Amino acid sequence: MMTLKATTPSTDNVVPLRANFLPRHREYLMRWLDAGTCMGLCDVDISPRSGNGPIEHVLVWVRENADPAYLLRPEGMNWVLVDNLRDHRLGSFKTFEAALYAIRPVLACGATAAA
């Protein structure tokens with residue numbers, strides 16, 4: 001008779017999944033900013049973690065405030081949107097485009113540029 005030994009999976013080889021900021025995201029962000037100037041969008045800043053590493057966050061300025069109004073950052077496979085002025089999490093979105101749409105719906109949701 002053979003007995004099976006229960007084993008726990010090793011976490012040594014686990015690589016956490018993380019949303020990446022791709023060239024198509026940068027292109028979409030610039031189109032979104034340009035289209036949203038009439039709706040109060042002023043500027044954006046893309047902050048890398050280090051040098052050329054993955055992004056830490058994207059800041060969005062609106063004309064009503066001198067400080068960045070929104071912070072958008074990758075968290076796992078989602079994009080988290082934060083009200084940067086009140087330090088309040090507004091939501092988690094499956095796509096970068098959906099998170100921008102939640103800030104200002106200036107482009108059709110899902111109008112993603114080709115990679």
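Remember, predicted model here, so these are calculated numbers, not experimental data. The figures that follow rest on heavy atoms only: side chains count, while hydrogens, waters and symmetry mates do not.
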Between [X] and [Y], is any pair of side-chain heavy atoms under 4.5 Å apart?
{"X": "Asp45", "Y": "Trp61", "result": "yes"}
{"X": "Val44", "Y": "Met30", "result": "yes"}
{"X": "Leu41", "Y": "Val62", "result": "yes"}
{"X": "Leu100", "Y": "Leu72", "result": "yes"}

Once you round to the nearest 0.5 Å, how far does [atom1] of [X] lie from [atom2] of [Y]?
{"X": "Leu81", "Y": "Tyr101", "atom1": "CG", "atom2": "OH", "answer": "14.5 Å"}
{"X": "Arg73", "Y": "Ser92", "atom1": "CZ", "atom2": "OG", "answer": "9.5 Å"}
{"X": "Ser47", "Y": "His57", "atom1": "OG", "atom2": "NE2", "answer": "3.5 Å"}
{"X": "Asp43", "Y": "Arg63", "atom1": "CG", "atom2": "CZ", "answer": "14.0 Å"}

Salt bridge present between Glu97 and Arg31 (N-O < 4.0 angstrom) = no
Can the ring centres of Trp79 and Phe96 be said to be less than 6.0 Å apart?
-> yes
If you look at every heavy atom in [X] and [Y], which pair is closest and at what distance?
{"X": "Arg26", "Y": "Ile46", "answer": "NH1-CD1, 3.2 Å"}
{"X": "Asn84", "Y": "Pro68", "answer": "ND2-O, 3.2 Å"}
{"X": "Met39", "Y": "Pro105", "answer": "CE-CD, 4.2 Å"}

According to a hydrophobic-cluster definition based on side-chain heavy atoms being under 4.5 Å apart (Ile, Leu, Val, Met, Phe, Trp, Tyr only), do [X] and [Y] belong together?
{"X": "Phe93", "Y": "Leu71", "value": "no"}
{"X": "Leu90", "Y": "Leu85", "value": "no"}
{"X": "Tyr28", "Y": "Leu59", "value": "no"}
{"X": "Val80", "Y": "Leu22", "value": "no"}
{"X": "Val60", "Y": "Val82", "value": "no"}

